[in-house]
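The structure appears below as structure tokens.
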Amino acid sequence: AEVVIVENAEAAGALVATEIVELIERRADAVLGLATGSTPLPVYQALRTQLAGRDVSQVRGFALDEYVGIDPSHPESYRSVITREVVEPLGLDPQRIHVPNGALATIQHAGDDYEVAIDAAGGVDLQILGIGTDGHIGFNEPGSSFASRTRVKTLTEQTREDNARFFDSIDDVPMHCITQGLGTILKARHLVLLAFGEGKAEAVAGAVEGPLTALLPGSAIQLHPHATIVVDEAAASRLA
Ligand code: F6R
């Protein structure tokens with residue numbers, strides 16, 4: 001993978017946003033792979049300026065994951081987050097932006113349905129990724145198969161603690177999620193993994209330089225022919 005060390009998260013956001021704008025210039029109906037959490041926010045922020053005045057009506061997108069067991073209208077559902085941080089500020093067509101369906105009633109088919117939708121769109125052109133402190137990408141927690149497809153997973157205690165900041169208390173953080181699998185993520189044509197801060201340094205080193213292991217799901221990116229890692233100095237600090 002190509003590692004790009006940048007000054008700060010804002011610079012990373014501008015860099016990745018430029019890449020996305022160029023993609024959309026080449027292909028008006030580009031398919032973006034959208035991450036949630038804090039890490040991609042500078043990208044979405046930079047896109048507000050960089051995409052202003054451009055035609056984004058054909059742009060398509062697939063979110064990485066969604067919580068299971070909270071209503072889509074909950075402000076911290078990833079459906080809500082993607083609407084608030086991406087669809088509305090960038091003026092994307094909500095019909096073209098997909099988030100896995102975490103509703104219990106349809107959960108048995110939701111993973112397969114999502115895979116079919118991604119394939120029908122011709123696959124993801126550029127997948128934005130963050131990484132968990134435990135090395136997860138998407139919500140593929142340690143132990144996830146490299147061949148996995150979109151499915152329900154149990155969140156680790158670590159991830160629930162990490163994400164408690166978005167909820168009133170850790171007890172409100174869902175136990176389960178539906179996430180693109182590592183095999184799903186690896187099908188995207190270009191992976192762009194971002195990470196900022198000392199807390200991500202170990203996960204980044206493991207993903208980029210460590211052994212290929214299901215214990216550090218981010219190491220799956222080493223199997224991808226076109227992966228770009230954009231990090232600040234702190235997140236790069238454990239790289240050889
Ligand atoms: C989010 C996702 C997760 C996050 C990771 C890091 O859609 O799939 O893998 O990217 O948990 O979260 P932040 O960016 O909040 O540190």
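Both ligands and their constituent atoms are indexed starting at 1 by order of listing. Computed from a predicted model, the values in this text were never measured in an experiment.
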Quiz: residues 98-106 side-chain donor-acceptor pairs under 3.5 angstrom, not counting sequence neighbours:
from: Asn101; atom 1: OD1; to: Ala103; atom 2: N; distance (Å): 2.9

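Listed for the Arg160 side chain is a donor-acceptor partner under 3.5 Å among the backbone atoms of Ile170.
Looking at Arg54 and Glu25, a side-chain N of the basic residue comes within less than 4.0 Å of a carboxylate O on the acidic one, giving a salt bridge.
For Phe167, the ring-ring contact (aromatic ring centres under 6.0 Å, His included) test picks out Tyr67, His74, with sequence neighbours left out. Every residue two or more places apart in sequence or in another chain that forms a side chain to side chain contact (heavy atoms under 4.5 Å, CB included) with Glu2 is listed here: Val4, Thr228.
Listed as neighbours of ligand 1 are Ala35, Thr36, Gly37, Ser38, Thr39, Leu64, Asp65, Gly130, Ile131, Gly132, His136, Gly138, Arg165, Lys200, each bearing a heavy atom under 4.0 Å from the ligand.
Residue Glu202 places its CD atom among 12 or fewer non-hydrogen atoms of other residues, nucleotides or ligands, all under 6.0 Å distant.
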